[in-house]
Q: 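After the structure tokens below, expect a handful of questions from me.
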Protein chains: 2
Amino acid sequence: MQPKVKYSRQRLAILNELKSRCDHPTADVIYAEVRKTIPNISLGTVYRNLAFLAQNGDILKIPATMGSEHFDGNPVPHYHFKCNVCGSVSDVAIDLMPTLTEMAGKLVDGVVTGHTIMFEGKCGLCDSTCRK
Amino acid sequence: MQPKVKYSRQRLAILNELKSRCDHPTADVIYAEVRKTIPNISLGTVYRNLAFLAQNGDILKIPATMGSEHFDGNPVPHYHFKCNVCGSVSDVAIDLMPTLTEMAGKLVDGVVTGHTIMFEGKCGLCDSTCRK
DNA sequence: CCAATATTAGTTATCATTATCATTATATCA
DNA sequence: TGATATAATGATAATGATAACTAATATTGG
């Protein structure tokens, strides 16, 4: 039998923080934010819980194009856009989820269970703020 | 003016190794292989040259879903499939390259310059060899 | 062949993430 | 409600991939 889960203050704070925002922060952004209410929370605890919550289906771990991992409070798979300048990640409202996985399944030797799409470019903010 | 490029023995060996194989190895696989002909080549040299060659458009750097970066001797952008069991990466012959980027461009605030798709699942080899 | 300089080998540093472990908090049940 | 079993934490050390540094070497145009 699996170990009983205990919902600690810090686990709930991390989940809550992620659910309450619509961007897709990295572990240390979450860390900085949660620290405002639980000042002595450990960075390890943040990583541990983000991994746990993703495993548990409460949140989404967004495969990073480079650098660090990003997390999404919305656990339903969807596509993302990453700004190559500031590194921010946002949602893209296109849904080809079952279609593309199916298409690939017919072409690949093996079993295709899903896919991710990461769009890239320059976000609106970085595009307008083109100093230099 | 830009510095003149010198094509060293090790740079050519790395490029050649990547061009001659149809899988998509990581830096240390390349390192192990090139070491057979240039035994004292440095791992740093492999990383440096893979970055250089990708920048130069000779090869493709495949954004890793997790763990380490993979490289592709084919510099023309295309889609990939990653086995969650053995970690191998292979090609997927679907091409939605301009279409999807365009679609996203209409939905995102900013400029979308491209995208990557990573399919995931279990490759044919790992699927048949399903011991335990 | 020589000189100018790009590139290398070897090493150390960095960064994100995991593991370790003694201590603390949580949930269960008497 | 309060004792108890154990999951979770905080602090820190360890890991793994990649980048940076530097003196020595190899490459290329003249």
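Since this is a predicted model, take the numbers as computed values, not measurements. Letters A, B, ... are given to chains in the order of the sequence lines, protein chains preceding strands, and every chain is numbered from 1.
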Q: Please give, in whole Å, the distance from dT27(D) C1' to Asn49(B) CG?
A: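 Nearest whole value for this atom pair: 14 Å.
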Q: Side chain of Val5(B) only, please: which of dT7(C), dT8(C), dT18(C) is the nearest?
A: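 In terms of side-chain proximity for Val5(B), the closest of dT7(C), dT8(C), dT18(C) is dT7(C).
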Q: Go through the steps for Leu15(B) and Asn49(B) under the test side chain to side chain contact (heavy atoms under 4.5 Å, CB included), then give the verdict.
A: CA-CA 8 Å; Leu15(B) 179 57; Asn49(B) 278 300; over 6 Å; no
Q: For the residue pair Phe119(B) and Tyr79(B), categorise the inter-ring angle as parallel (less than 30°), tilted (30 to 60°) or perpendicular (more than 60°).
A: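 Aromatic pair Phe119(B)/Tyr79(B) classed perpendicular.
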Q: Given the rule in the side chain to side chain contact (heavy atoms under 4.5 Å, CB included) test, do Met118(B) and Ile62(B) qualify, once you have shown the distances and angles that lead to the verdict?
A: CA-CA 9 Å; Met118(B) 181 63 79; Ile62(B) 303 173; 3.7 Å; yes
Q: If I take atom CZ in residue Arg9(B) and atom P in nucleotide dT28(D), what distance separates them, rounded to the nearest angstrom?
A: 13 Å
Q: Answer yes or no: does a side-chain N or O of Ser8(A) lie under 4.0 Å from OP1 or OP2 of dT9(D)?
A: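 Checking Ser8(A) against dT9(D): at least one side-chain N or O falls below 4.0 Å of OP1 or OP2.
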Q: Rounding to an integer number of Å, can you tell me how far Lys6(A) NZ sits from dT4(D) P?
A: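 After rounding, the gap between these two atoms is 15 Å.
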Q: Can you see if the side chain of Tyr47(B) gets near the phosphate of dA19(D) - specifically, an N or O under 4.0 Å from OP1 or OP2?
A: no
Q: How would you label the contact of Arg11(B) with the nucleic acid (heavy atoms, under 4.0 Å): base, sugar-phosphate, or nothing?
A: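 Sugar-phosphate, backbone atoms only, no base.
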Q: In residues 30-43 of chain B, which residues come under 4.0 Å of DNA chain C by heavy atom?
A: Asn40(B), Ile41(B), Ser42(B)
Q: What's Asp28(A) touching, base or sugar-phosphate or nothing? Going by heavy atoms closer than 4.0 Å.
A: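 Result for Asp28(A) = nothing.
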Q: For Asp95(B) and His78(B): C-alpha separation, side-chain torsions, deciding distance, then whether side chain to side chain donor-acceptor pair (under 3.5 Å) applies.
A: CA-CA 7 Å; Asp95(B) 187 9; His78(B) 54 280; over 6 Å; no
Q: How bent is the helix from dC1(C)-dG30(D) to dA30(C)-dT1(D), measuring the angle between the end axes built from five pairs each, rounded to 10°?
A: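 End axes: 40° apart.
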Q: How far apart are the C-alpha atoms of His70(B) and His80(B), what are their side-chain angles, what is the distance that settles it, and do they pass the side chain to side chain contact (heavy atoms under 4.5 Å, CB included) test?
A: CA-CA 11 Å; His70(B) 289 251; His80(B) 294 100; over 6 Å; no
Q: If I take atom CZ in residue Arg48(A) and atom C1' in nucleotide dT9(D), what distance separates them, rounded to the nearest angstrom?
A: 6 Å
Q: Verify whether the ring centers belonging to His24(A) and Phe81(A) lie closer than 6.0 Å.
A: no
Q: Output the rounded distance in Å from CG (Leu53(B)) to C1' (dT7(C)).
A: 13 Å
Q: Whole-Å distance between dG29(D) C1' and Tyr7(B) OH?
A: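 Rounded to the whole Å, the gap is 17 Å.
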Q: Starting at CD of Gln10(B) and ending at P of dA24(D), how long is that distance when rounded to a whole Å?
A: 18 Å
Q: Go through it in stages, so that I can follow the logic: the residues are Leu107(A) and Ile94(B), the test is side chain to side chain contact (heavy atoms under 4.5 Å, CB included), and I'd like the CA-CA distance, side-chain angles, deciding distance and then a yes or no.
A: CA-CA 9 Å; Leu107(A) 291 165; Ile94(B) 300 177; 3.4 Å; yes
Q: How far does CG of Leu50(B) sit from CZ of Arg11(B), to the nearest 0.5 angstrom?
A: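 Taking CG in Leu50(B) and CZ in Arg11(B), the distance rounds to 10.5 Å.
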Q: To the nearest angstrom, how far is Phe71(A) atom CZ from dA16(C) atom P?
A: 13 Å
Q: Quick check against the 3.5 Å criterion: does Asn56(A) have a side-chain atom that pairs as donor or acceptor with the backbone of Asp58(A)?
A: no
